[in-house]
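Read through the structure below, which is laid out as structure tokens, and then see the notes.
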Amino acid sequence: MCYGFTFISLLSLNDIVAIMSEQTQECDFLSLKCGNCGDSEVTYSTFKSLNEHYTNVHPGISQFFCGYCESVLLNKTSLIRHVKTHQEIGTRLSPRINQPPSLQEHQLERQGGNIINETFNHEDMDVYEETDDEMNSLVDSPRNDLRRTAAEVLLQLRSKASLTGAAIQRFQEGCNKLLQSQKDIILDQVAFHLREKGLPEDDLAAVLEEIKIPHDVFVDMDTIPKQLDLFAREFGLVKPEEKYLGTRIDKRLDPKLNTYLQTQVNETFMSVSITASLKSILSSKKIRNNIFKELASTDGVLRSYVDGYHFKDHPFLKRHRNVLHILLFYDELEVSNPLGSKTSIHKLGAFFFQVMNSPAHVSSQLSSIHLLALVYAEDMKTPGAFEKVLAPFVLEMKKLSSDEGVEIELDGKPFVLRAVLVAVAADALAAHDLLGLLSPSARYFCRQCMISRQELRQDGNCIGQPRTQETHDQQVEEVQENFSRSTLYGVKRSCPLYKVPFFKTVEGSVFDGFHDVLEGIAPLVVKLFLRNVIYVRKLLSLSEFNIRLSTFTFGIPDSKNKPSSNFVREMLSSRKKLKQTGSQMWCLMRALPFLVGDCLPEGDQHMELIFLLQDIMKIIFSFHIKPEDLDHLETLIFRHHELFKILYIDQVVELEREEVQLNENLEQPGEEPELDENIEENEDENEEQDEHEEPQRRRSKQKLTVHITNKFHHLKHYPDMIRKYGPAVRVWCAKFEGRLKIFRRHAAICCNFKNIPKTMAQMFQLSNVIQDGEEDSVQHSNGISVLICDVEGAEDVTGLTGADKILATNSASLFGEEYRPGLFVSLSDTHAPQFALISKVFVHEKIVYLQVKPWKTLCLSAKYNCFRVAPDDDATVQFINARNLSNFRAIAPWSPYDGRCDIYLSMRTSNLPWKSKPDSSPENNTCTRHGIWRVRGVDLCNGMLQLEEGAYEWRAGYHVAPFDSQRH
């Protein structure tokens, strides 16, 4: 790019020489002059200082005179643009002197002829009301524009957390070399053409000196502190602050003595202002509109926090509108190698927050999670650490939760920022630490009630006396006087958040379905189920199960979360956990009936336990929940716990386990297999072997006892929690756990562990600079453009005509959910779900359209707990918007492992528009406390269904039919 050469190329050589030789009074154009002042000797070094001069000395004026010519402008913005024209031309004239005709003609062409102070026609001119910030943004030279572009590139490199600082520095140096080479090439070409015109060398040197081409665009961006300052100034980055926490004794190298000495060092943590973060969030219009347009449901369906009774009964939210609802999260993470020697040293404690006002598709994005504080986990173990780390947050929340709020400016208008802390989300261990409770292994382990562990083991469906804020405060006072009473209440100290207005320690804690179900209950149930099928009843071998698991076709929607076929005997009979992630366990729970269903008889009690847990998960993990679903959820949980107790707690299972008795003198790597933490094993006495005896195999029968765990009890509180806060998936920890990955990824790359909270906090803030939302809401593969009139079923699409073109593609994703031909979607909003097969996928202006063919829903299978479907030859092709689906998730067709060609659809969540079909004959439809349903005189208990012609099947609380009378 060649700045300053534009005018030179338009003038003849004689004009250039005349202009340069006739100037007797030179003026440095870095010294700006005010044309409205009579004294032309007063100059200003920057446009910002000139702007301040006009604001203070000439307030309210309507005409702005140029200090270099006779032009008169209507506003400061036009004046700045006009003065920049003089700089670009490269003239060196004194104020108000006559200019050469060629230069006047050039200015006349650039300014549209307005160079004489005549009477202006305001109706013919574009009058722009500018602000000071807008005026200052216009004073940037082309060099600054290029530097801003360079800063944007640097910000993108930093935000990905995939490059080291040295790599980014080399990138900057390479760009500077590239620009320097480009500058040399441009100057050589300019000099060559001017020499051809006969320009003398002295004048040529002066002309080349006036050509300003930037070659060091990364100036003042060579260090992270400078980059943070620049990004905060240009892109709204909120910089983390390092705050004092305490002191400790540590070893530090003395360079004089060249040895390590005991030294007192400061303990610090990184804190991010929540007020500044909220202001940065609201600075985006798209995000602000998404936040403040949230409305409560009118049909009684629970969709968000505003549909729960906690919002409706909140005193502060009744008084004020446009209040931000804050969800706080706390967890500890290991950023180094979990198998290395530095595991406990570099463990961090992270506090995050999220604005719950956003729609579900926005709050599901990781960019909606913001950092609040980052600290060494070891430092959090010192008394009073939680109070010190959360002190800035508590202080700011006192202001944000007051009637006065915090006044900020949005789009040049004043706005009162208010926010309220709604709930705290964390796993069990982190939640107990944060709330001041004893560990989850204590006698009184529940955060919501006073149930003891002994009562839980006696009755898994028992709920203790509810904890209240009044009783909790009284218990805290007693524990502070006598700490030995902590075991009587499960309380060890007060919560550091008790000073936050409107937050209650007991009511403000929510349970996490990801940890409770997918990482707690489901792995235990699957382990006991497979142990019963494989080792007790011997219906299937372990190797055959792994083969079935590895060869099963899960489909595109579950391809990233398909379970690993790594099951071994020790996993099913010892303390070793199933090596499956929470997402893999969710997929395995749905696929388990297809993997072993052909080996079990229909109505099997152990498979019915899997079905009950599937139905519980469909409701808990739904984004839309009806009130009747919660009533039925209570029944499902009761039946699940009762059946679990009958199958695995009351019965003592004798399991034959094959062991290798090793010689005492032989060393064998590995530990003796131990039972699950919830499984107690009666160890047999080991017989001593001869010193030279070879290892022998023997079989021993061992009694395994199973106890119900804390997470089973947590499930009893989910119905009321959902009624209070809305869908449980809106407050679960899975999204926060995903946000922690950036710390592990960057720590593995930068390898800077000197002050890792500071490094990680800076990198996180760089990666979370606010952008306008929904830019990546729709992603699609390459395709071809077709006319709407050529697409079957697209004739009546709103907003499109037959002449419009639409992109036909092989795949498209909407908010992370991918749609492809061959997958199914749910269409209906009636009592019987209707599914449709995707034929083609189209994209038009960030809208995903699906061409689908409806299929017939034959039945709700009692053997696989999912819907069996078949093609419908009479159905017509439909053209639908993906946003209007009753369930946004695409479904892959599954078939049983026994080789049957039937097609089944297993849904991950409940279908929102399904309406429970009312019982037409109450005398034939009753429900007892034990979950026994009678449908037209037919007993439905534990999934053992004997259907009459036209009868209704029951599963997950819905009467779906009339279906075929055959059993599937």
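Note that the structure is predicted; figures quoted are calculated from it, not measured.
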Practice task
Verify side-chain contact (heavy atoms from CB on, under 4.5 Å) between Cys175 and Phe218, making sure each step is shown before the conclusion.
Solution key: CA-CA 9 Å; Cys175 290; Phe218 293 104; 3.5 Å; yes
Exercise for the section: Please step through side chain to side chain donor-acceptor pair (under 3.5 Å) for the pair Ser781 and Asn810, ending with a clear verdict. Expected result: CA-CA 6 Å; Ser781 59; Asn810 292 328; 5.0 Å; no
Practice task
Under the side-chain contact (heavy atoms from CB on, under 4.5 Å) rule, what do Leu549 and Leu588 come out as? Steps first, then yes or no, please.
Solution key: CA-CA 9 Å; Leu549 185 59; Leu588 179 60; 4.1 Å; yes
Practice task
Walk me through it: do Asp331 and Arg739 pass the test salt bridge (charged side-chain N to carboxylate O under 4.0 Å, His left out)?
Solution key: CA-CA 11 Å; Asp331 196 10; Arg739 202 69 175 104; over 6 Å; no
Problem - side-chain contact (heavy atoms from CB on, under 4.5 Å) assessment of Val335 paired with His746 - result: CA-CA 9 Å; Val335 296; His746 187 76; over 6 Å; no
Problem - side-chain contact (heavy atoms from CB on, under 4.5 Å) evaluation trace for Leu228 with Leu766 - result: CA-CA 8 Å; Leu228 292 175; Leu766 287 171; 3.8 Å; yes
Problem - Stepwise salt bridge (charged side-chain N to carboxylate O under 4.0 Å, His left out) test for Arg548 and Asp598 - result: CA-CA 12 Å; Arg548 291 189 175 196; Asp598 60 311; 2.8 Å; yes
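In this structure, CG in Leu371 is found 11.5 Å from CD in Gln762, a value given to the nearest 0.5 Å. Note that the OG atom of Ser826 and the CG atom of Leu905 stand 9.5 Å from one another [nearest 0.5 Å]. Atom OG of residue Ser565 and atom CD1 of residue Ile547 lie 9.5 Å apart, to the nearest 0.5 angstrom. With rounding to the nearest 0.5 angstrom, the CG atom of Asn865 is 11.5 Å from the CG atom of Leu592. Taken from CD1 in Ile891 to CG in Leu837, the straight-line distance is 11.5 Å, to the nearest 0.5 Å. Of the inter-residue distances, the one linking Arg303 atom CZ with Leu295 atom CG reads 11.5 Å to the nearest 0.5 angstrom.
Classified by interplanar angle (parallel below 30°, tilted 30° to 60°, perpendicular above 60°), the ring pair Phe514/Trp732 is perpendicular. Using the six-membered ring where Trp is involved, Phe552 and Phe554 have ring planes that are perpendicular, over 60° apart on the 30 and 60° scheme. Using a 30° and 60° split on the angle between ring planes, Phe736 and Phe352 fall in the tilted class, from 30° to 60°. Taking the six-membered ring for Trp and thresholds of 30 and 60 degrees, Phe621 and Trp586 have ring planes inclined between 30 and 60 degrees apart.
A distance-only check finds no donor-acceptor pair linking the side chain of Arg868 to the backbone of Tyr904 [under 3.5 Å]. Using modelled atom types, one side-chain atom of Gln765 and one backbone atom of Val238 make a donor-acceptor pair closer than 3.5 Å. Although no hydrogens or angles enter the test, the distance criterion places a donor-acceptor pair under 3.5 Å between the side chain of Tyr718 and the main chain of Gly513. Here the side chain of Ser895 pairs a donor or acceptor atom with the backbone of Asp902 at under 3.5 angstrom. Side chain of Gln354 to main chain of His370: no donor-acceptor pair is present (N/O by atom type, distance under 3.5 Å, no hydrogens or angles). For Ser284 (side chain) and Ile281 (main-chain N/O), no donor-acceptor pair under 3.5 Å exists by modelled atom type. The backbone N or O of Asp299 sits nowhere less than 3.5 Å from a side-chain atom of Ser297 that would complete a donor-acceptor pair. The backbone N or O of Lys863 lies less than 3.5 Å from a partner atom in the side chain of Ser861, making a donor-acceptor pair. Judged by distance alone, with hydrogens and angles left aside, the side-chain atoms of Gln851 form a donor-acceptor pair with the main-chain N or O of Glu792 at under 3.5 Å. Asp629 contributes no side-chain N or O that, together with a main-chain N or O of Ile625, makes up a donor-acceptor pair within less than 3.5 Å.
The shortest heavy-atom contact between Leu740 and Ala350 is CD2-CB, 4.2 Å. Across every non-hydrogen atom of Gln227 and Met221, the tightest pair is NE2-O, 3.0 Å. Gly783 approaches Leu807 most closely through the heavy-atom pair C-CD1, 3.5 Å. Smallest separation of non-hydrogen atoms from Met589 and Ala522: CG-CB, 4.1 Å. Here the closest heavy-atom approach between residue Gln834 and residue Thr857 is recorded as CA-OG1, 4.0 Å. Contact record, Asn357 with His325: OD1-N, 2.7 Å, taken as the closest heavy-atom pair.
With ring centers used as reference points, Tyr864 lies under 6.0 Å from Phe594.
Leu827 places none of its side-chain heavy atoms less than 4.5 Å from the side chain of Phe835. Contact annotation: the side chain of Arg148 approaches that of Glu152 to within less than 4.5 Å [non-hydrogen atoms, C-beta and beyond]. Inter-residue side-chain proximity for Phe329 and Leu372 is flagged as unmet; no heavy-atom pair is nearer than 4.5 Å. The closest side-chain heavy-atom distance from Phe764 to Asn768 is below 4.5 Å. For the pair Leu155 and Leu230, the minimum side-chain heavy-atom distance is 4.5 Å or more. Side-chain contact between Ile620 and Ile616 is present, with at least one heavy-atom pair separated by less than 4.5 Å. Put simply, the side chain of Phe567 reaches to within 4.5 Å of the side chain of Gln580, judged on heavy atoms. Two residues are said to be in side-chain contact when any heavy atoms from C-beta on lie closer than 4.5 Å; Leu302 and Leu630 meet this criterion.
A salt bridge is defined here as a Lys NZ or Arg NE, NH1 or NH2 lying under 4.0 Å from an Asp or Glu carboxylate O, and Asp872 with Lys853 fails to meet this definition. Here Lys805 does not pair with Asp790 in a salt bridge; the nearest charged N to carboxylate O distance is not below 4.0 Å. Using a cut-off of 4.0 Å between Lys/Arg side-chain N and Asp/Glu carboxylate O, Glu737 and Lys735 are scored as not salt-bridged. Comment: Lys856 does not engage Asp874 in a salt bridge, judged by the lack of any side-chain N to carboxylate O separation of less than 4.0 angstrom. A salt bridge does not link Arg883 to Glu817: none of the charged side-chain nitrogens sits closer than 4.0 Å to a carboxylate oxygen.
Side-chain atoms of Gln584 and Asn561 include no donor-acceptor pair closer than 3.5 Å. In the model, Ser363 has no side-chain atom that pairs as donor or acceptor with a side-chain atom of Ser368 under 3.5 Å. With 3.5 Å as the limit, one finds no donor-acceptor pair spanning the side chains of His844 and Asp804.
Within a 6.0 Å radius of CG in Asn884, other residues, nucleotides and ligands contribute more than 12 heavy atoms.
Under the rule for a ring pair (Phe, Tyr, Trp, His ring centres under 6.0 Å), the partners of Phe879 that lie at least two apart in sequence or sit in another chain are Phe842, Tyr849. Partners of Phe623 under the ring pair (Phe, Tyr, Trp, His ring centres under 6.0 Å) rule, at least two apart in sequence or in another chain, are Phe888.
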